[in-house]
There are 2 protein chains.
Amino acid sequence: MTRVLVVEDDPQLVRALVINMQARRYGVDAAPDGATALRLAAAHRPDVVMLDLGLPDMDGVDVIRALRGWSRVPILVLSARQGSAEKVAALDAGADDYVTKPFSMDELMARLRAAVRRTEETPLAPETTLVVTAGFTIDLRAKKVVRGTRDVRLTPTEWQLLEILVTHPGRLVTQKHLLQEVWGVSRAGKTNYLRVYMAQLRRKLEADPSHPRYLITEPGMGYRFEG
Amino acid sequence: MTRVLVVEDDPQLVRALVINMQARRYGVDAAPDGATALRLAAAHRPDVVMLDLGLPDMDGVDVIRALRGWSRVPILVLSARQGSAEKVAALDAGADDYVTKPFSMDELMARLRAAVRRTEETPLAPETTLVVTAGFTIDLRAKKVVRGTRDVRLTPTEWQLLEILVTHPGRLVTQKHLLQEVWGVSRAGKTNYLRVYMAQLRRKLEADPSHPRYLITEPGMGYRFEG
DNA sequence: CACGCCCTTGACGCATCCCTGACGCCCAGG
DNA sequence: CCTGGGCGTCAGGGATGCGTCAAGGGCGTG
(Lines give C-alpha, C1' and ligand atoms only; values in the text may rest on other atoms or scores of the structure.)
Protein backbone atom coordinates (compact mmCIF):
# COMPACT_ATOMS: atom_id res chain seq x y z
CA MET A 1 0.00 0.00 0.00
CA THR A 2 1.25 3.46 -0.87
CA ARG A 3 1.59 5.63 2.21
CA VAL A 4 0.98 9.37 1.98
CA LEU A 5 1.84 11.96 4.60
CA VAL A 6 -0.51 14.94 4.46
CA VAL A 7 0.88 18.11 6.05
CA GLU A 8 -1.94 20.64 6.35
CA ASP A 9 -3.33 22.74 9.17
CA ASP A 10 -6.86 23.17 7.85
CA PRO A 11 -8.85 20.27 9.38
CA GLN A 12 -11.56 20.44 6.75
CA LEU A 13 -9.12 20.10 3.88
CA VAL A 14 -7.34 17.30 5.70
CA ARG A 15 -10.65 15.47 6.05
CA ALA A 16 -11.44 15.84 2.36
CA LEU A 17 -7.98 14.66 1.33
CA VAL A 18 -7.96 11.72 3.68
CA ILE A 19 -11.37 10.54 2.52
CA ASN A 20 -10.41 10.79 -1.11
CA MET A 21 -7.14 9.00 -0.69
CA GLN A 22 -8.44 6.26 1.51
CA ALA A 23 -11.13 5.60 -1.09
CA ARG A 24 -8.28 5.06 -3.55
CA ARG A 25 -6.58 2.60 -1.21
CA TYR A 26 -3.79 4.85 -0.03
CA GLY A 27 -2.52 4.71 3.54
CA VAL A 28 -2.73 8.20 4.96
CA ASP A 29 -0.95 9.99 7.80
CA ALA A 30 -1.69 13.58 8.73
CA ALA A 31 0.37 16.27 10.41
CA PRO A 32 -0.96 19.73 11.34
CA ASP A 33 2.41 21.49 11.45
CA GLY A 34 5.99 21.30 10.26
CA ALA A 35 7.55 19.81 13.35
CA THR A 36 5.04 16.98 13.50
CA ALA A 37 5.49 16.44 9.79
CA LEU A 38 9.25 15.99 10.08
CA ARG A 39 8.86 13.63 13.02
CA LEU A 40 6.24 11.51 11.26
CA ALA A 41 8.19 11.46 8.04
CA ALA A 42 11.24 10.10 9.84
CA ALA A 43 9.21 7.56 11.81
CA HIS A 44 6.83 6.25 9.15
CA ARG A 45 8.84 6.75 5.94
CA PRO A 46 5.92 7.68 3.68
CA ASP A 47 6.04 7.10 -0.06
CA VAL A 48 4.80 10.62 -0.84
CA VAL A 49 4.47 13.85 1.11
CA MET A 50 1.66 16.28 0.38
CA LEU A 51 2.70 19.57 1.93
CA ASP A 52 0.85 22.81 2.53
CA LEU A 53 3.22 25.77 2.51
CA GLY A 54 1.19 27.83 4.98
CA LEU A 55 1.95 26.08 8.24
CA PRO A 56 1.56 27.59 11.71
CA ASP A 57 5.01 26.82 13.09
CA MET A 58 7.53 27.08 10.29
CA ASP A 59 8.00 28.03 6.67
CA GLY A 60 7.02 25.33 4.23
CA VAL A 61 10.19 25.77 2.21
CA ASP A 62 12.21 24.98 5.33
CA VAL A 63 10.20 21.79 5.74
CA ILE A 64 11.16 20.84 2.19
CA ARG A 65 14.81 21.51 2.86
CA ALA A 66 14.74 19.55 6.10
CA LEU A 67 13.18 16.57 4.35
CA ARG A 68 15.64 16.75 1.49
CA GLY A 69 18.45 16.59 3.99
CA TRP A 70 17.90 12.87 4.34
CA SER A 71 15.14 11.74 2.05
CA ARG A 72 14.21 11.74 -1.61
CA VAL A 73 10.54 11.11 -1.01
CA PRO A 74 8.41 12.91 -3.63
CA ILE A 75 7.02 16.16 -2.26
CA LEU A 76 3.81 17.59 -3.68
CA VAL A 77 3.25 21.15 -2.53
CA LEU A 78 -0.21 22.61 -1.99
CA SER A 79 -0.46 26.34 -1.60
CA ALA A 80 -2.86 29.24 -1.79
CA ARG A 81 -0.06 31.49 -2.98
CA GLN A 82 -0.03 31.74 -6.74
CA GLY A 83 3.01 33.94 -7.20
CA SER A 84 5.70 32.41 -9.36
CA ALA A 85 8.38 33.40 -6.85
CA GLU A 86 6.91 31.08 -4.23
CA LYS A 87 6.63 28.28 -6.75
CA VAL A 88 10.23 28.72 -7.85
CA ALA A 89 11.45 28.77 -4.25
CA ALA A 90 9.57 25.61 -3.33
CA LEU A 91 10.56 23.70 -6.45
CA ASP A 92 14.20 24.72 -6.17
CA ALA A 93 14.25 23.70 -2.54
CA GLY A 94 13.43 20.20 -3.69
CA ALA A 95 9.68 19.94 -4.23
CA ASP A 96 8.50 17.76 -7.09
CA ASP A 97 5.25 19.50 -7.93
CA TYR A 98 3.29 22.58 -6.93
CA VAL A 99 -0.50 22.83 -6.99
CA THR A 100 -2.33 26.04 -6.19
CA LYS A 101 -5.56 26.13 -4.25
CA PRO A 102 -8.30 25.81 -5.09
CA PHE A 103 -7.53 22.67 -7.05
CA SER A 104 -9.50 19.92 -8.66
CA MET A 105 -9.35 16.73 -6.64
CA ASP A 106 -9.10 14.72 -9.85
CA GLU A 107 -6.07 16.67 -10.94
CA LEU A 108 -4.42 16.37 -7.54
CA MET A 109 -4.91 12.63 -7.55
CA ALA A 110 -3.48 12.40 -11.05
CA ARG A 111 -0.40 14.34 -9.99
CA LEU A 112 -0.12 12.08 -6.98
CA ARG A 113 -0.22 9.04 -9.24
CA ALA A 114 2.45 10.56 -11.46
CA ALA A 115 4.73 11.16 -8.48
CA VAL A 116 4.24 7.64 -7.16
CA ARG A 117 4.71 6.11 -10.59
CA ARG A 118 8.11 7.74 -10.95
CA THR A 119 9.45 6.32 -7.73
CA GLU A 120 8.09 2.87 -8.50
CA GLU A 121 9.78 2.86 -11.88
CA THR A 122 13.19 3.63 -10.47
CA PRO A 123 14.64 0.25 -9.56
CA LEU A 124 15.76 1.53 -6.15
CA ALA A 125 19.50 1.65 -6.39
CA PRO A 126 21.44 -1.17 -4.77
CA GLU A 127 21.48 0.63 -1.42
CA THR A 128 25.16 0.49 -0.69
CA THR A 129 25.40 1.85 2.80
CA LEU A 130 29.08 1.14 3.37
CA VAL A 131 31.85 2.82 1.41
CA VAL A 132 35.23 1.40 2.25
CA THR A 133 38.61 2.75 1.21
CA ALA A 134 42.10 2.05 2.38
CA GLY A 135 42.07 5.24 4.41
CA PHE A 136 38.60 5.39 5.93
CA THR A 137 35.13 3.84 6.03
CA ILE A 138 31.86 5.68 5.50
CA ASP A 139 28.54 4.34 6.78
CA LEU A 140 25.94 6.26 4.83
CA ARG A 141 22.96 5.03 6.80
CA ALA A 142 24.49 5.65 10.21
CA LYS A 143 26.04 8.89 8.96
CA LYS A 144 29.33 7.87 10.42
CA VAL A 145 32.92 8.00 9.26
CA VAL A 146 35.68 5.93 10.78
CA ARG A 147 39.32 6.57 10.00
CA GLY A 148 41.65 3.90 11.23
CA THR A 149 40.46 3.35 14.75
CA ARG A 150 39.00 6.76 15.47
CA ASP A 151 35.62 8.26 14.60
CA VAL A 152 35.71 11.36 12.43
CA ARG A 153 33.31 14.15 13.31
CA LEU A 154 31.78 15.90 10.31
CA THR A 155 29.62 19.00 10.38
CA PRO A 156 26.23 18.79 8.62
CA THR A 157 27.50 20.68 5.57
CA GLU A 158 30.63 18.59 5.33
CA TRP A 159 28.49 15.47 5.49
CA GLN A 160 26.12 16.59 2.75
CA LEU A 161 29.02 17.34 0.46
CA LEU A 162 30.72 14.04 1.15
CA GLU A 163 27.49 12.11 0.73
CA ILE A 164 26.85 13.49 -2.73
CA LEU A 165 30.37 12.74 -3.89
CA VAL A 166 30.46 9.27 -2.40
CA THR A 167 27.11 8.24 -3.86
CA HIS A 168 28.50 8.97 -7.32
CA PRO A 169 31.76 7.04 -7.04
CA GLY A 170 34.27 7.74 -9.75
CA ARG A 171 31.98 10.23 -11.43
CA LEU A 172 32.72 13.87 -11.83
CA VAL A 173 30.20 16.01 -9.96
CA THR A 174 29.81 19.53 -11.26
CA GLN A 175 30.44 22.48 -9.00
CA LYS A 176 27.00 23.80 -9.85
CA HIS A 177 25.39 20.51 -8.93
CA LEU A 178 27.14 20.36 -5.58
CA LEU A 179 26.27 23.94 -4.77
CA GLN A 180 22.63 23.49 -5.71
CA GLU A 181 22.25 20.32 -3.70
CA VAL A 182 23.92 21.61 -0.56
CA TRP A 183 23.20 25.34 -0.54
CA GLY A 184 20.27 25.66 -2.97
CA VAL A 185 20.08 27.37 -6.32
CA SER A 186 20.33 30.82 -4.77
CA ARG A 187 23.94 30.19 -3.81
CA ALA A 188 24.99 28.54 -7.04
CA GLY A 189 28.13 30.27 -8.22
CA LYS A 190 29.67 30.64 -4.78
CA THR A 191 32.51 28.31 -5.62
CA ASN A 192 34.52 29.52 -2.65
CA TYR A 193 32.16 27.56 -0.38
CA LEU A 194 33.25 24.42 -2.13
CA ARG A 195 36.91 25.27 -1.75
CA VAL A 196 36.58 25.81 1.98
CA TYR A 197 34.59 22.66 2.67
CA MET A 198 36.57 20.42 0.38
CA ALA A 199 39.68 21.54 2.24
CA GLN A 200 38.06 20.65 5.55
CA LEU A 201 36.98 17.24 4.30
CA ARG A 202 40.47 16.53 3.05
CA ARG A 203 41.98 17.58 6.33
CA LYS A 204 39.71 15.15 8.11
CA LEU A 205 39.90 12.23 5.68
CA GLU A 206 43.04 12.30 3.60
CA ALA A 207 46.40 11.08 4.76
CA ASP A 208 48.08 13.93 2.88
CA PRO A 209 45.47 16.69 2.53
CA SER A 210 47.54 18.70 0.08
CA HIS A 211 47.85 15.71 -2.25
CA PRO A 212 44.40 14.15 -2.05
CA ARG A 213 43.91 10.58 -3.13
CA TYR A 214 40.15 10.24 -2.76
CA LEU A 215 38.66 13.71 -3.05
CA ILE A 216 39.96 14.77 -6.42
CA THR A 217 39.40 18.18 -7.95
CA GLU A 218 38.93 18.56 -11.67
CA PRO A 219 39.90 22.19 -12.33
CA GLY A 220 37.15 24.24 -13.84
CA MET A 221 34.63 21.42 -13.73
CA GLY A 222 34.04 19.97 -10.29
CA TYR A 223 35.10 17.24 -7.92
CA ARG A 224 35.26 13.48 -7.97
CA PHE A 225 35.40 10.75 -5.36
CA GLU A 226 37.82 7.96 -6.25
CA GLY A 227 36.98 4.71 -4.47
CA MET B 1 24.86 19.69 -21.14
CA THR B 2 21.20 18.96 -20.54
CA ARG B 3 19.33 18.50 -23.78
CA VAL B 4 15.70 19.54 -24.07
CA LEU B 5 13.32 18.67 -26.88
CA VAL B 6 10.65 21.35 -27.34
CA VAL B 7 7.52 20.14 -29.15
CA GLU B 8 5.42 23.16 -30.03
CA ASP B 9 3.81 24.43 -33.21
CA ASP B 10 3.69 28.12 -32.35
CA PRO B 11 6.95 29.57 -33.72
CA GLN B 12 6.82 32.59 -31.43
CA LEU B 13 6.56 30.49 -28.30
CA VAL B 14 9.30 28.19 -29.57
CA ARG B 15 11.53 31.20 -30.05
CA ALA B 16 10.90 32.47 -26.54
CA LEU B 17 11.51 29.03 -25.01
CA VAL B 18 14.66 28.41 -26.99
CA ILE B 19 16.14 31.78 -26.08
CA ASN B 20 15.39 31.30 -22.41
CA MET B 21 16.79 27.82 -22.28
CA GLN B 22 19.91 28.53 -24.28
CA ALA B 23 20.63 31.43 -21.94
CA ARG B 24 20.55 28.85 -19.15
CA ARG B 25 22.99 26.61 -21.01
CA TYR B 26 20.52 23.96 -22.09
CA GLY B 27 20.90 22.30 -25.44
CA VAL B 28 17.62 22.73 -27.27
CA ASP B 29 15.98 20.85 -30.11
CA ALA B 30 12.62 21.85 -31.50
CA ALA B 31 9.89 19.92 -33.29
CA PRO B 32 6.75 21.51 -34.74
CA ASP B 33 4.62 18.38 -34.72
CA GLY B 34 4.24 14.96 -33.16
CA ALA B 35 5.85 12.92 -35.90
CA THR B 36 8.96 15.06 -35.94
CA ALA B 37 9.03 14.97 -32.16
CA LEU B 38 9.05 11.20 -32.01
CA ARG B 39 11.74 10.98 -34.65
CA LEU B 40 13.97 13.53 -32.94
CA ALA B 41 13.43 11.96 -29.53
CA ALA B 42 14.61 8.62 -30.85
CA ALA B 43 17.56 10.09 -32.69
CA HIS B 44 18.86 12.60 -30.15
CA ARG B 45 17.78 11.07 -26.84
CA PRO B 46 16.93 14.31 -25.02
CA ASP B 47 17.07 14.54 -21.24
CA VAL B 48 13.68 16.26 -21.02
CA VAL B 49 10.75 16.71 -23.37
CA MET B 50 8.62 19.83 -23.24
CA LEU B 51 5.40 18.99 -25.05
CA ASP B 52 2.51 21.11 -26.24
CA LEU B 53 -0.70 19.11 -26.34
CA GLY B 54 -2.20 21.04 -29.25
CA LEU B 55 -0.22 19.70 -32.17
CA PRO B 56 -1.30 19.86 -35.83
CA ASP B 57 -0.81 16.23 -36.75
CA MET B 58 -1.66 14.08 -33.74
CA ASP B 59 -3.06 14.19 -30.24
CA GLY B 60 -0.53 15.14 -27.62
CA VAL B 61 -1.59 12.30 -25.34
CA ASP B 62 -0.72 9.86 -28.10
CA VAL B 63 2.71 11.41 -28.32
CA ILE B 64 3.15 10.78 -24.60
CA ARG B 65 2.07 7.17 -24.98
CA ALA B 66 4.38 6.64 -27.94
CA LEU B 67 7.32 8.05 -26.00
CA ARG B 68 6.51 6.00 -22.94
CA GLY B 69 6.62 2.90 -25.10
CA TRP B 70 10.38 2.96 -25.04
CA SER B 71 11.60 5.86 -22.92
CA ARG B 72 11.33 7.20 -19.40
CA VAL B 73 12.46 10.67 -20.31
CA PRO B 74 10.67 13.28 -18.17
CA ILE B 75 7.77 14.86 -20.07
CA LEU B 76 6.63 18.36 -19.18
CA VAL B 77 3.29 19.18 -20.79
CA LEU B 78 2.35 22.68 -21.88
CA SER B 79 -1.28 23.28 -22.73
CA ALA B 80 -3.84 26.00 -23.14
CA ARG B 81 -6.55 23.64 -21.93
CA GLN B 82 -7.20 24.13 -18.26
CA GLY B 83 -9.79 21.42 -17.76
CA SER B 84 -8.87 18.84 -15.17
CA ALA B 85 -9.92 16.02 -17.48
CA GLU B 86 -7.15 16.88 -19.93
CA LYS B 87 -4.63 17.14 -17.13
CA VAL B 88 -5.62 13.77 -15.74
CA ALA B 89 -5.43 12.16 -19.15
CA ALA B 90 -1.98 13.54 -19.87
CA LEU B 91 -0.57 12.73 -16.45
CA ASP B 92 -1.98 9.23 -16.46
CA ALA B 93 -0.60 8.65 -19.94
CA GLY B 94 2.83 9.18 -18.47
CA ALA B 95 3.50 12.91 -18.30
CA ASP B 96 5.48 14.15 -15.34
CA ASP B 97 4.09 17.65 -15.07
CA TYR B 98 1.41 19.81 -16.62
CA VAL B 99 1.63 23.59 -17.01
CA THR B 100 -1.24 25.65 -18.38
CA LYS B 101 -0.74 28.62 -20.66
CA PRO B 102 -0.16 31.39 -20.04
CA PHE B 103 2.63 30.49 -17.68
CA SER B 104 5.42 32.36 -15.97
CA MET B 105 8.77 31.61 -17.56
CA ASP B 106 10.40 31.51 -14.14
CA GLU B 107 7.99 28.87 -12.96
CA LEU B 108 8.44 26.81 -16.09
CA MET B 109 12.20 26.88 -15.70
CA ALA B 110 11.87 25.87 -12.05
CA ARG B 111 9.68 22.91 -13.03
CA LEU B 112 12.21 22.03 -15.70
CA ARG B 113 14.98 22.06 -13.10
CA ALA B 114 12.90 19.87 -10.82
CA ALA B 115 12.35 17.33 -13.58
CA VAL B 116 16.03 17.28 -14.51
CA ARG B 117 17.11 17.04 -10.89
CA ARG B 118 15.01 13.93 -10.37
CA THR B 119 16.59 12.07 -13.24
CA GLU B 120 20.08 13.12 -12.22
CA GLU B 121 19.53 11.87 -8.70
CA THR B 122 18.54 8.41 -9.80
CA PRO B 123 21.80 6.62 -10.38
CA LEU B 124 22.30 3.67 -12.63
CA ALA B 125 21.23 5.22 -15.90
CA PRO B 126 21.02 2.39 -18.41
CA GLU B 127 22.56 4.69 -20.97
CA THR B 128 25.78 3.46 -22.48
CA THR B 129 28.23 6.24 -21.84
CA LEU B 130 31.41 4.41 -22.70
CA VAL B 131 33.31 5.10 -25.88
CA VAL B 132 36.04 2.56 -26.33
CA THR B 133 38.88 2.62 -28.83
CA ALA B 134 42.09 0.68 -29.09
CA GLY B 135 44.02 3.62 -27.69
CA PHE B 136 41.79 5.00 -24.95
CA THR B 137 38.41 4.81 -23.24
CA ILE B 138 36.04 7.71 -22.66
CA ASP B 139 33.36 7.64 -19.98
CA LEU B 140 31.01 10.44 -20.93
CA ARG B 141 28.93 10.37 -17.78
CA ALA B 142 31.86 10.29 -15.38
CA LYS B 143 33.73 12.74 -17.57
CA LYS B 144 36.78 10.55 -17.46
CA VAL B 145 39.33 9.43 -20.00
CA VAL B 146 41.62 6.48 -19.46
CA ARG B 147 44.55 5.76 -21.74
CA GLY B 148 46.14 2.43 -21.14
CA THR B 149 46.43 2.30 -17.40
CA ARG B 150 46.67 6.00 -16.68
CA ASP B 151 43.96 8.64 -16.29
CA VAL B 152 44.15 11.50 -18.74
CA ARG B 153 43.46 14.95 -17.35
CA LEU B 154 41.49 17.18 -19.68
CA THR B 155 40.79 20.86 -19.21
CA PRO B 156 37.15 22.02 -19.47
CA THR B 157 37.60 23.32 -22.99
CA GLU B 158 39.35 20.19 -24.15
CA TRP B 159 36.58 18.10 -22.66
CA GLN B 160 33.82 20.09 -24.34
CA LEU B 161 35.47 19.69 -27.70
CA LEU B 162 36.04 15.99 -27.27
CA GLU B 163 32.50 15.45 -26.03
CA ILE B 164 30.97 17.02 -29.11
CA LEU B 165 33.14 15.03 -31.49
CA VAL B 166 32.65 11.74 -29.69
CA THR B 167 28.88 12.07 -29.52
CA HIS B 168 28.83 12.29 -33.32
CA PRO B 169 31.02 9.28 -34.09
CA GLY B 170 32.23 9.01 -37.63
CA ARG B 171 30.41 12.14 -38.66
CA LEU B 172 31.99 15.37 -39.80
CA VAL B 173 31.50 18.23 -37.37
CA THR B 174 31.76 21.69 -38.86
CA GLN B 175 34.28 24.19 -37.55
CA LYS B 176 31.48 26.69 -37.07
CA HIS B 177 29.45 24.18 -35.09
CA LEU B 178 32.33 23.34 -32.79
CA LEU B 179 33.19 26.99 -32.22
CA GLN B 180 29.59 27.93 -31.47
CA GLU B 181 29.09 25.09 -29.04
CA VAL B 182 32.28 25.63 -27.09
CA TRP B 183 32.97 29.35 -27.34
CA GLY B 184 29.56 30.76 -28.24
CA VAL B 185 28.37 32.51 -31.36
CA SER B 186 30.54 35.56 -30.72
CA ARG B 187 33.72 33.62 -31.29
CA ALA B 188 32.62 31.77 -34.40
CA GLY B 189 35.33 32.21 -37.00
CA LYS B 190 38.25 31.93 -34.63
CA THR B 191 39.44 28.73 -36.23
CA ASN B 192 42.83 29.07 -34.60
CA TYR B 193 41.21 28.11 -31.28
CA LEU B 194 40.31 24.78 -32.82
CA ARG B 195 43.81 24.19 -34.10
CA VAL B 196 45.34 24.77 -30.68
CA TYR B 197 42.92 22.61 -28.75
CA MET B 198 42.78 19.81 -31.27
CA ALA B 199 46.55 19.65 -31.05
CA GLN B 200 46.35 19.38 -27.27
CA LEU B 201 43.75 16.64 -27.46
CA ARG B 202 45.87 14.71 -29.91
CA ARG B 203 48.91 15.08 -27.72
CA LYS B 204 46.95 13.63 -24.82
CA LEU B 205 45.08 10.90 -26.66
CA GLU B 206 46.83 9.84 -29.83
CA ALA B 207 49.77 7.46 -29.95
CA ASP B 208 51.30 9.54 -32.75
CA PRO B 209 49.89 13.06 -32.42
CA SER B 210 51.21 14.23 -35.77
CA HIS B 211 49.49 11.36 -37.57
CA PRO B 212 46.15 11.18 -35.77
CA ARG B 213 44.08 8.05 -36.00
CA TYR B 214 40.99 9.09 -34.06
CA LEU B 215 40.78 12.88 -34.24
CA ILE B 216 40.77 13.43 -37.96
CA THR B 217 40.78 16.85 -39.63
CA GLU B 218 38.86 17.42 -42.82
CA PRO B 219 40.66 20.37 -44.44
CA GLY B 220 38.41 23.33 -44.99
CA MET B 221 35.43 21.64 -43.37
CA GLY B 222 35.94 20.54 -39.80
CA TYR B 223 36.89 17.55 -37.71
CA ARG B 224 35.72 14.00 -37.28
CA PHE B 225 36.04 11.35 -34.59
CA GLU B 226 36.76 7.87 -35.91
CA GLY B 227 35.69 5.16 -33.45
C1' DC C 1 26.47 36.00 30.16
C1' DA C 2 30.33 33.54 28.26
C1' DC C 3 31.70 29.92 25.44
C1' DG C 4 32.14 26.87 21.53
C1' DC C 5 30.72 25.26 17.14
C1' DC C 6 29.59 26.07 12.60
C1' DC C 7 28.80 28.79 8.54
C1' DT C 8 30.14 32.63 5.84
C1' DT C 9 33.31 35.85 3.79
C1' DG C 10 37.48 38.16 2.32
C1' DA C 11 42.42 38.22 1.16
C1' DC C 12 46.51 36.29 -0.72
C1' DG C 13 49.91 33.24 -3.23
C1' DC C 14 50.29 30.01 -6.60
C1' DA C 15 49.28 26.91 -10.23
C1' DT C 16 46.91 26.29 -14.26
C1' DC C 17 44.33 27.41 -18.24
C1' DC C 18 42.89 30.32 -22.05
C1' DC C 19 44.05 33.26 -25.50
C1' DT C 20 47.17 35.25 -28.84
C1' DG C 21 50.73 35.92 -32.15
C1' DA C 22 54.56 34.09 -34.76
C1' DC C 23 56.52 30.68 -37.57
C1' DG C 24 56.94 26.70 -40.68
C1' DC C 25 54.81 23.06 -43.36
C1' DC C 26 51.89 21.18 -46.93
C1' DC C 27 49.11 21.53 -50.88
C1' DA C 28 46.65 23.75 -54.75
C1' DG C 29 46.52 27.04 -58.19
C1' DG C 30 48.60 30.47 -61.08
C1' DC D 1 58.67 28.10 -59.77
C1' DC D 2 56.23 31.18 -56.93
C1' DT D 3 52.35 32.36 -54.00
C1' DG D 4 48.65 32.12 -50.77
C1' DG D 5 45.54 29.83 -47.67
C1' DG D 6 44.76 26.39 -44.30
C1' DC D 7 46.80 23.76 -40.73
C1' DG D 8 50.05 22.27 -36.90
C1' DT D 9 53.32 23.75 -33.44
C1' DC D 10 55.29 26.51 -29.92
C1' DA D 11 55.86 29.86 -26.31
C1' DG D 12 54.56 33.58 -23.36
C1' DG D 13 51.36 36.90 -20.87
C1' DG D 14 47.10 37.85 -18.78
C1' DA D 15 43.26 35.97 -16.49
C1' DT D 16 41.07 32.73 -13.86
C1' DG D 17 40.53 29.05 -10.50
C1' DC D 18 42.11 26.72 -6.50
C1' DG D 19 44.00 26.01 -1.78
C1' DT D 20 44.83 28.16 2.45
C1' DC D 21 44.29 31.00 6.37
C1' DA D 22 41.92 33.86 9.44
C1' DA D 23 38.37 36.76 11.13
C1' DG D 24 33.48 37.79 12.02
C1' DG D 25 28.63 36.53 13.03
C1' DG D 26 24.73 33.51 14.23
C1' DC D 27 23.09 30.09 17.21
C1' DG D 28 22.59 26.93 20.82
C1' DT D 29 24.59 25.28 25.21
C1' DG D 30 26.49 25.41 29.72
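All chains are named by letter (A, B, ...) in the order of the sequence lines, taking the proteins before the strands, and each is independently numbered beginning at 1.
Here A:Arg203 lies out of heavy-atom contact (under 4.0 Å) with every strand. Among the heavy atoms of the strands, none lies under 4.0 Å from B:Glu158. Within 4.0 Å of A:Ser210, counting heavy atoms only, lie sugar-phosphate atoms of the nucleic acid but no base atom. Within 4.0 Å (heavy atoms only), A:Gln200 reaches no atom of the nucleic acid at all.
Between B:Tyr193 and C:dC19 there is no side-chain polar atom (N or O) within less than 4.0 angstrom of OP1 or OP2. In this structure, B:Arg153 does not reach the C:dT16 phosphate: none of its side-chain N or O atoms is under 4.0 Å from OP1 or OP2. Checking the phosphate oxygens (OP1, OP2) of C:dC6, no side-chain nitrogen or oxygen of A:Thr155 falls inside 4.0 Å. Remark: A:Arg195 is not in phosphate contact with D:dT20, judged by side-chain N or O atoms under 4.0 Å from OP1 or OP2.
Using a cut-off of 4.0 Å between Lys/Arg side-chain N and Asp/Glu carboxylate O, A:Asp96 and B:Arg118 are scored as salt-bridged. A salt bridge links A:Lys204 and A:Glu158; the closest N-O separation between the charged side-chain nitrogens and carboxylate oxygens is under 4.0 Å. The existence of a salt bridge linking A:Asp92 and B:Arg113 is confirmed by a sub-4.0 Å separation between a basic side-chain nitrogen and an acidic carboxylate oxygen. The pair B:Asp208-B:Arg202 does not meet the salt-bridge criterion, since no charged nitrogen lies less than 4.0 angstrom from a carboxylate oxygen.
When each of D:dG8, C:dT8, D:dC18 is scored by its nearest atom to the side-chain atoms of B:Thr217, the top-ranked nucleotide is D:dG8. Considering only the side chain of B:Thr157, C:dC18 comes nearest among C:dT16, C:dC18, D:dC10. Of all nucleotides listed (C:dC6, C:dT16, C:dT8), C:dT8 comes nearest to the side chain of A:Trp183. Closest to the B:Pro156 side chain, of the nucleotides C:dC18, C:dC7, C:dT20, is C:dC18. Among the nucleotides D:dT20, D:dT9, D:dC18, the one closest to the side chain of B:Val196 is D:dT9. The listed nucleotides are D:dG8, C:dC19, D:dC7; the one nearest the side chain of B:Tyr223 is D:dG8. Distances were taken from every side-chain heavy atom of B:Tyr197 (C-beta onward) to each of D:dT20, C:dC19, C:dC7; the shortest belongs to C:dC19.
Following rounding to the nearest Å, B:Leu215 (CG) and D:dT9 (P) show an atom-to-atom distance of 12 Å. Atom-to-atom, CH2 of B:Trp159 to P of C:dC17 comes out at 15 Å; the value is rounded to the nearest Å. For the pair A:Glu218 CD and C:dC17 P, the computed distance is 10 Å after rounding to whole Å. D:dG8 atom P lies 9 Å from atom CG of B:Leu194, rounded to whole Å. Nucleotide D:dG8 holds its P atom 12 Å from the CG atom of B:Leu201, rounded to whole Å. Atom C1' of nucleotide D:dG19 and atom CD1 of A:Ile216 are separated by 14 Å, given to the nearest angstrom. When the P atom of D:dG6 is taken as reference, atom CG of B:Asn192 falls 12 Å away, rounded to whole Å. Here C:dC17 presents its C1' atom at 9 Å from NZ of B:Lys204, a figure rounded to the nearest Å.
With a 4.5 Å cut-off on side-chain heavy atoms, A:Met50 and A:Met21 count as touching.
B:Phe136 and B:Tyr214 have perpendicular rings, their planes meeting at more than 60° on a 0 to 90° scale where under 30° would count as parallel.
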